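As the structure is a prediction and not an experimental result, all values here were calculated from the model. In the text below, chain A, chain B and the rest are named by the order of the sequence lines, each starting its count at 1.
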Amino acid sequence: MSTTSDDSVFHLDTALDATGDAHIRITGDLDWDSADEFTEAARALLRADPAPRRLRLDCARLTLCDSLGLASLLMVQRASAEAGTPLHLDNRPEALRRLLDMTGTAELFDGSAGRAADAPDASGEAGAAPPPGRT
Amino acid sequence: MTRVEGSLPQGQELLSSVGTAWMRAPYPALVVDTAGALVEINAQAARLFPAAGPGIPLADVAPDWLVEGHRRAAVTGGEDAGGPVRGRHGQWTLEAHATPGADGQVVWWLVDDTHRELAETALRNEKERHGFLAEASSRLLASLNTERCMEVAVELATRYLADAAVLVAPAAGRRHPLSLCAGDGVVHRTARIEPADVPGLKEALQGFPPVPSRWIDPSALPEWAVPEGFDGPVGSVVVTPLPGHGVPAGALILLRRSDHAAFDASEESFARVFAARAGAALSAARLYMEQTSITATLMADLLPPMLRRVHGVEFAGSYRTAQDTERVGGDFYDVHPGAAPGDKTLAVLGDVCGKGLEAAVLTGKIRSTLQALLPLAGDHQHLLRLLNGTLLNSRHTRFSTLVLASVLRQENTTHLSLTSAGHPLPLIVRQDGTVEEAPTSGTLIGVLPDVKSTTAEVDLRPGESCLLFTDGVTEARGGPLGDVMFGDDRLRAALADCAGMPAEAVVERIHMLVAEWIGDNRHDDIAVMAITAPRTTHLTAVDGHTAGRYTA
């Protein structure tokens, strides 16, 4: 757990609660500099055994999400869909809400994405490749 | 040791014992009288001056500097001689100290100073080399151009290490770039050479340790390895590798004339230190040049096209890349004119997520795919679905957002079909300055297995424009406080003033306002495209569409 209080500094707080939900609280800007750290942290949680019941991302302290930030959210969405773990994006700031609406991706993050139907289509090169982060 | 006969008051007995000891002192000593003739010499001095003996003039056996020193010391009988005199004698460097003897005689004590001299010379050389290396580093690293870097390396090597230097770079194809220097001026050449012709060169180019110079026969050097202007036969040769980052950066051949001392071990090892610096600089320059040329090649194909009027509709675009090259986003736009005046023209403007080459490659892929799919341009949904399928990738979720605009002018009305695929919505400015958002929506491209979109149908009257833009415009940070986004409201207000303007002017105005807003702040890529229904002009009058000017 990080103890930094400065909101402009990116950091993640992760936790696993008694009900089996995994939580990540994102503080700061989700952009080029922080996207990989976020994706890795989420993947690590999804890999846990037993797998978390749900993955909840708390965005209350998210100050900015640029296109690479959205790409990382989509990557986490893909990983959670593959793991069969529903993903929730909680406390979306206005800017994030608008970004998700504009890009038509809002519904991917409302917890319904654990269904197999939402997994990426096995078209072209996507077919042969194993899920990211697994062997 | 400086006390001799005559200066001890105790008596003859002690004096004679000192006299004996003096003869066997470990340092050479001479007693010289006021006339400059030797009185006595001890055993060490006799070894140094074999011809010396009592009565012989000092000038006959000793070097000039000592004779001159004695002439001055004799005036005072060795008192206050003003410090030692120094000079060379044969292979030695000697320091001579004068002390007073009996009857105005002077006793000279000689100290062998040869080693100190050598040490001082070595220290001086070392300082010089250190200075040279510092200069070499700063000059070598000053340029990221490989040819310039090779030039500096041979120039420096010729100035400090050898009479001539040849730098052999790794082969490009079958030919090796060479830089040769024999004093003044550097010659660059690319030649098909056989590295095995120079002993050790083939190994040096592969990065193996250098061959000691004594193993290299100077007469065996091929002609290409001796620069023009090198006068006299080659006396000695050193071949040393230029170690690069992981791969050898080339090899350096150093040549000395036969009248110049051959390379000694310390010079060879110094040459290796120099070569290490030159190699590092050269390989950095090479990596940089390679990367620059790859980027330039790709970017040349990705630069946005010049836009113009197509089938009676004005198109204008402007693209400003991010200053921070590390974060080049990948905005793009294209206009594909309809084959005939009655065919729709497809305009596309988009933004690829990512930076640098990665983004550039994805941009290129999207642009060529769209070009290939042009026959299907009438159905935006179908087009986007096909494009999405091409871009899907299991490794990453890099996406693109874009706007498609199919444009067709019929009489005075310009019909637009606008579809946003996850992109900021196009804005339309009406004749009266009203600004509207095109009611389209859709999912971004390249990540999700399926994409959905709705198309907006918009008609433009003469003087009305549709503005397509990337989020670099609305998210541009600046203003009086430096950290405020340009935002939708400012963009709408700016666009309201553009009613009735030609497309070029609309783009120019928006671009200028955003640039002013940003000031010196960092910004992302910014792309803007205006699609404008021109006010009816003579040109359209000639077309027969209208009866006169400005019928709008």
For this session: For chain A, find its close neighbours in residues 477-495 of chain B: heavy-atom separation under 4.5 Å, sorted by number, or none.
Result: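 Counting heavy atoms that sit under 4.5 Å from chain A, the residues of residues 477-495 of chain B involved are B:R477, B:D488.
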Problem set entry | Residues which pass side-chain hydrogen bond (donor to acceptor under 3.5 Å, both in side chains) with B:Q381, listed by chain and number, not counting sequence neighbours |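 Scan of B:Q381 (side-chain hydrogen bond (donor to acceptor under 3.5 Å, both in side chains), adjacent residues dropped) gives B:S453, B:T455.
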For this session: Considering non-hydrogen atoms only, spot the tightest contact between B:R395 and A:M75 and give its length.
Result: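 Minimum heavy-atom contact is O-CE, 3.4 Å.
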Problem set entry | Where A:S67 and B:C353 come nearest, the two heavy atoms and their spacing |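 Looking at all heavy atoms of both residues, the closest pair is O-SG, 3.5 Å.
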How long is the span from the [atom1] atom in [X] to the [atom2] atom in [Y], to the nearest 0.5 Å?
| X | Y | atom1 | atom2 | value |
| --- | --- | --- | --- | --- |
| A:E107 | B:K452 | CD | NZ | 4.5 Å |
| A:T103 | B:H423 | OG1 | NE2 | 12.0 Å |
| A:M102 | B:S420 | CE | OG | 7.0 Å |
| B:E475 | A:L64 | CD | CG | 7.0 Å |

For this session: Count the heavy-atom pairs under 4.5 Å between each of B:T401, B:L444, B:L425 and chain A, then report the option with the highest count.
Result: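 Between B:T401, B:L444, B:L425, the count favours B:L444.
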Exercise. If you count heavy-atom pairs under 4.5 Å with chain A, which of B:T397, B:D450, B:D471 comes out on top?
Worked result: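 Greatest number of close heavy-atom pairs with chain A: B:T397.
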Problem set entry | Heavy atoms from other residues, nucleotides or ligands near CD of B:Q291 exceed 12 (cutoff 6.0 Å) |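 Not buried by this count: 12 neighbours or fewer within 6.0 Å.
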For this session: Please confirm whether the backbone N or O of B:S394 pairs with a side-chain atom of A:R78, one donor and one acceptor, at under 3.5 Å?
Result: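 Pair found, side chain donor or acceptor close to backbone of B:S394.
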For this session: Any salt bridge (charged side-chain N to carboxylate O under 4.0 Å, His left out) involving residues 416-430 of chain B? Give me the pairs, sequence neighbours left out, ordered by first then second residue.
Result: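 For residues 416-430 of chain B, and leaving out neighbouring residues, the salt bridge (charged side-chain N to carboxylate O under 4.0 Å, His left out) pairs sorted by first residue read B:R430-B:E436, B:R430-B:E464.
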Problem set entry | chain B neighbours within residues 88-101 of chain A, where any heavy atom lies under 4.5 Å away |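 Within residues 88-101 of chain A, the residues under 4.5 Å from chain B are A:R98.
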Exercise. Any idea which of A:T105, A:L73, A:L68, A:T39 has the most non-hydrogen atom pairs under 4.5 angstrom with chain B?
Worked result: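 Among A:T105, A:L73, A:L68, A:T39, the one with the most close pairs to chain B is A:L68.
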